[in-house]
Amino acid sequence: MTLEELWELFPIFLVPHDKKWNEYFYDIKKTLTGLLSNQPIVRISHIGSTAIQGIWAKNIVDVMVEISEKADMEELAHTLEQNGFIKMFSETNRISLNKGY
């Protein structure tokens with residue numbers, strides 16, 4: 001699917017900052033921490049425009065999960081896929097997953 005097709009299916013709109021985005025991040029972080037409790041997680045971070053206080057942003061909370069070099073990234077992605085995440089993109093040392101888009 002091209003980016004143009006993706007944008008047509010899921011248009012991006014900028015909206016005023018919402019304090020709930022930080023709450024959503026902590027809910028997502030809690031879920032990920034539970035699902036990946038047996039994985040060597042280095043850090044789970046709120047990234048992207050919704051992480052910046054006071055700016056307009058797309059209404060999508062982006063989260064980055066950093067894992068140890070010892071972690072099996074494919075196993076981790078498989079665990080997330082079994083729990084409702086969709087693998088969107090994969091390359092060496094990086095996998096992008098979405099949920100609830």
Listing, residues 55-63 side-chain donor-acceptor contacts under 3.5 Å, not counting sequence neighbours, or none:
| residue | atom | partner | partner atom | Å |
| --- | --- | --- | --- | --- |
| Lys58 | NZ | Asp62 | OD2 | 2.5 |
| Asn59 | OD1 | Trp21 | NE1 | 2.7 |

Output a table of donor-acceptor pairs, distance under 3.5 Å, between side-chain atoms of residues 33-40 and any protein atom two or more places apart or on a different chain; print 'none' if there are none.
| residue | atom | partner | partner atom | Å |
| --- | --- | --- | --- | --- |
| Thr33 | OG1 | Lys29 | O | 2.7 |
| Ser37 | OG | Gly34 | O | 3.4 |
| Gln39 | NE2 | Glu75 | OE2 | 3.2 |

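Counting heavy-atom neighbours within 6.0 Å of Glu8 CD, excluding the residue itself, gives a total of 12 or less.
Side-chain heavy-atom separations under 4.5 angstrom define the hydrophobic clusters, and Val42 shares its cluster with no other residue. Ile47 belongs to a hydrophobic cluster with Met64, counting contacts under 4.5 Å between side-chain heavy atoms of Ile, Leu, Val, Met, Phe, Trp and Tyr, direct or through other members.
In this view, Gln82 and His78 satisfy the side-chain hydrogen bond (donor to acceptor under 3.5 Å, both in side chains) rule, not counting sequence neighbours. Residues forming a side-chain hydrogen bond (donor to acceptor under 3.5 Å, both in side chains) with Glu5 (at least two apart in sequence, or on another chain): Thr2. Qualifying side chain to side chain contact (heavy atoms under 4.5 Å, CB included) partners for Gln53, counting only residues two or more places apart in sequence or in other chains: His17.
When hydrophobic clusters are built by joining Ile, Leu, Val, Met, Phe, Trp and Tyr residues whose side-chain heavy atoms come closer than 4.5 Å, directly or via intermediates, Val65 is grouped together with Tyr26. Taken together through direct or relayed side-chain contacts under 4.5 Å among Ile, Leu, Val, Met, Phe, Trp and Tyr, Val15 and Tyr24 form part of one hydrophobic cluster.
When side chains are defined from C-beta on, Thr79 does not count as touching Phe85, because their heavy atoms never get closer than 4.5 Å.
One finds the OG1 atom of Thr31 at 9.5 Å from the CG atom of Asn83 (value rounded to the nearest 0.5 Å). Leu76 contributes atom CG, which lies 7.5 Å from atom CD1 of Ile95 (distance to the nearest 0.5 angstrom). Here the CG atom belonging to Leu32 is positioned 11.0 Å from the CG atom belonging to Asp27, to the nearest 0.5 angstrom.
Sorted by first and then second residue, the salt bridge (charged side-chain N to carboxylate O under 4.0 Å, His left out) pairs with a member in residues 76-89 read Glu74-Lys87; sequence neighbours excluded. For residues 42-51, the pairs satisfying side-chain hydrogen bond (donor to acceptor under 3.5 Å, both in side chains) are Arg43-Glu66, His46-Thr50, with sequence neighbours left out. Within the structure, no pair that satisfies the salt bridge (charged side-chain N to carboxylate O under 4.0 Å, His left out) test touches residues 47-57, not counting sequence neighbours.
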